[in-house]
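Encoded as structure tokens, the structure appears first; notes follow it.
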Amino acid sequence: MKIATWNVNSVRKRAGNLTSFLKRVKPDVIVLQELKAQDEHFPHEAAHEAGYKCEVFGQKGFNGVAMISTHAVDNIQRGLPGDEADTQSRYIEGRIKTPMGPLTVGGLYLPNGNPIGTEKFTYKLGWMKRLEARARELLSRGEMFALAGDYNVCPTDMDVYDPRLFAKDALCQPESRAAYRRLLNLGLTDAVRAMHPDDTRWTYWDYTAGAWQKDNGLRIDHILLSPQAADRLRAVDIEKEERGKPEPSDHVPVWCELDVGD
DNA sequence: ATGCCGGGCGAAGCCCGA
């Protein structure tokens with residue numbers, strides 16, 4: 001079972017990149033972030049062409065997330081519980097049956113939170129608190145799950161090309177990192193870090209200032225696994241080559257493979 | 001370099017991203 005995540009930075013602009021990625025890497029399920037599109041503008045054909053069905057939680061102009069799968073998905077939830085006033089489309093969740101029991105996948109686009117000291121940073125920390133509550137709820141079931149997406153958190157200085165430049169950035173604040181660490185402390189496993197404990201591997205390169213050419217990147221897209229899912233973790237990868245293609249997203253896909261006996 | 005690119009919206013210039 002291959003689970004992927006990708007912040008596509010406009011799903012309409014990236015429809016071609018998405019189709020070729022699905023055909024090349026063949027994830028069973030992929031969660032997408034930053035659709036920047038309403039539900040009715042989602043390029044269903046791009047996914048159908050590669051054999052995928054789509055669950056979309058779009059929003060006009062900004063945000064927007066989706067879950068695309070070759071398997072049947074049920075128990076679909078749109079939106080992160082815990083704040084009825086939150087109108088931003090940043091979370092989608094669904095469940096897939098496997099020979100080893102149900103696998104729940106949550107796709108998330110965690111708020112960026114910049115600049116610090118504003119309501120944007122407060123919103124980020126509040127959102128992370130709600131995500132922790134969701135993780136606790138899922139953990140109580142004792143089943144496999146993956147929370148995958150653009151976390152907008154560099155977990156440690158190892159995940160930033162130049163930590164000094166990001167000392168005041170919301171992605172690297174002690175509060176952001178502590179909230180991320182609370183997820184790990186619940187018993188979740190950072191799939192990429194578990195398989196590559198000592199590597200510097202980026203998932204994002206800014207469009208500006210030649211960041212890609214200089215390999216000035218960040219690791220902010222993550223897949224966190226429940227204990228039952230982490231038991232079955234077999235492989236991970238970061239699809240760096242997508243950043244070098246024409247008209248790329250500034251993020252690249254991340255995936256992990258779980259051995260669920262299929 | 002708290003936006004150098006890139007995208008959305010909507011029809012010019014502003015908002016947003018990390």
Side-chain angles (χ1 to χ4, degrees), chain A residues 5-18 21 31-43 46 56-66 86-91 107-128 131 148-177 179-180 192 200-222 238 240 242-254:
Chain A
T5 175
W6 195 3
N7 179 324
V8 290
N9 185 23
S10 171
V11 74
R12 283 173 286 181
K13 291 292 286 188
R14 234 61 67 193
N17 311 50
L18 176 61
F21 172 77
V31 288
L32 305 175
Q33 302 89 37
E34 275 207 271
L35 304 182
K36 293 184 172 177
Q38 307 170 77
D39 291 7
E40 54 267 41
H41 294 149
F42 188 91
V56 182
F57 186 34
Q59 182 173 341
K60 186 175 182 175
F62 310 101
N63 306 317
V65 290
D86 186 358
T87 57
Q88 301 190 30
S89 298
R90 293 180 175 274
Y91 187 81
L108 61 107
Y109 176 41
L110 208 148
N112 170 291
N114 276 307
I116 59 173
T118 68
E119 70 288 344
K120 293 194 174 190
F121 191 58
T122 307
Y123 175 63
K124 175 181 195 148
L125 295 180
W127 207 93
M128 294 188 82
L131 182 62
D150 177 359
Y151 278 73
N152 271 319
V153 175
C154 301
T156 72
D157 277 353
M158 208 177 140
D159 302 302
V160 195
Y161 73 94
D162 187 347
R164 291 168 305 173
L165 289 179
F166 284 80
K168 300 288 188 190
D169 196 285
L171 280 60
C172 297
Q173 287 312 290
E175 297 95 326
S176 309
R177 288 176 167 173
Y180 183 83
V192 167
T200 54
R201 296 163 68 99
W202 316 134
T203 67
Y204 166 89
W205 295 258
D206 201 292
Y207 285 121
T208 69
W212 168 245
Q213 288 75 13
K214 290 184 271 191
D215 198 30
N216 289 344
L218 309 172
R219 192 176 75 95
I220 53 179
D221 300 271
H222 311 299
I238 297 173
K240 184 174 179 178
E242 290 293 335
R243 187 63 178 79
K245 293 186 174 176
E247 298 191 314
S249 168
D250 41 3
H251 297 249
V252 297
V254 180

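Below, read A as the first sequence line, B as the second, and so on, with proteins coming before strands; counting in each chain starts at 1.
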Between [M] and [N], how far apart are the [atom1] atoms? Round to whole Å, please.
{"N": "B/dA18", "M": "B/dA12", "atom1": "P", "value": "28 Å"}
{"N": "B/dC14", "M": "B/dG3", "atom1": "C1'", "value": "13 Å"}
{"N": "B/dC15", "M": "B/dG10", "atom1": "P", "value": "14 Å"}
{"N": "B/dT2", "M": "B/dG13", "atom1": "P", "value": "25 Å"}
{"N": "B/dC16", "M": "B/dA1", "atom1": "P", "value": "24 Å"}

Nearest-angstrom distance from the residue atom [atom1] of [X] to [atom2] of [N]:
{"X": "A/Gln173", "N": "B/dA18", "atom1": "CD", "atom2": "P", "answer": "16 Å"}
{"X": "A/Phe121", "N": "B/dC16", "atom1": "CZ", "atom2": "P", "answer": "18 Å"}
{"X": "A/Leu110", "N": "B/dG17", "atom1": "CG", "atom2": "C1'", "answer": "14 Å"}
{"X": "A/Asn7", "N": "B/dC16", "atom1": "CG", "atom2": "P", "answer": "17 Å"}
{"X": "A/Glu34", "N": "B/dC15", "atom1": "CD", "atom2": "P", "answer": "18 Å"}
{"X": "A/Leu165", "N": "B/dA1", "atom1": "CG", "atom2": "C1'", "answer": "10 Å"}
{"X": "A/Gln33", "N": "B/dA18", "atom1": "CD", "atom2": "C1'", "answer": "14 Å"}
{"X": "A/Ile116", "N": "B/dA18", "atom1": "CD1", "atom2": "P", "answer": "16 Å"}

Taking atom types as modelled, is there a side-chain donor on A/Asn9 or A/Tyr207 under 3.5 Å from an acceptor on the other? yes
Just by distance, with hydrogens left out, do A/Glu242 and A/Ser249 show a side-chain donor and acceptor under 3.5 Å apart? no
Heavy atoms of other groups near A/Glu247 CD, more than 12 under 6.0 Å: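 Counting other residues, nucleotides and ligands, CD of A/Glu247 stays at 12 neighbours or fewer.
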Pairing residues for A/Asp250 by the side chain to side chain donor-acceptor pair (under 3.5 Å) criterion, not counting sequence neighbours: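 None.
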So [X], base contact, sugar-phosphate only, or nothing? Heavy-atom distance under 4.0 Å.
{"X": "A/Tyr151", "value": "nothing"}
{"X": "A/Lys120", "value": "sugar-phosphate"}
{"X": "A/Asp150", "value": "sugar-phosphate"}
{"X": "A/Asn152", "value": "sugar-phosphate"}

A/Asn7 pairs by side chain to side chain donor-acceptor pair (under 3.5 Å) with which of A/Thr203, A/Asp150, A/Asn152?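 Exactly one candidate clears the test, A/Asp150.
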Please tell me whether A/Phe21 and A/Trp6 form a close aromatic pair, meaning their ring centres lie under 6.0 Å apart. yes
Would a distance-only check, ignoring hydrogens and angles, find a side-chain to backbone donor-acceptor pair under 3.5 Å from A/Arg12 to A/Lys36?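 Yes, because the side chain of A/Arg12 sits within donor-acceptor range (under 3.5 Å) of the backbone of A/Lys36.
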In B/S/- notation, 5' to 3', how is nucleotides 2-10 of chain B contacted by protein heavy atoms closer than 4.0 Å? -BBBBSSSS
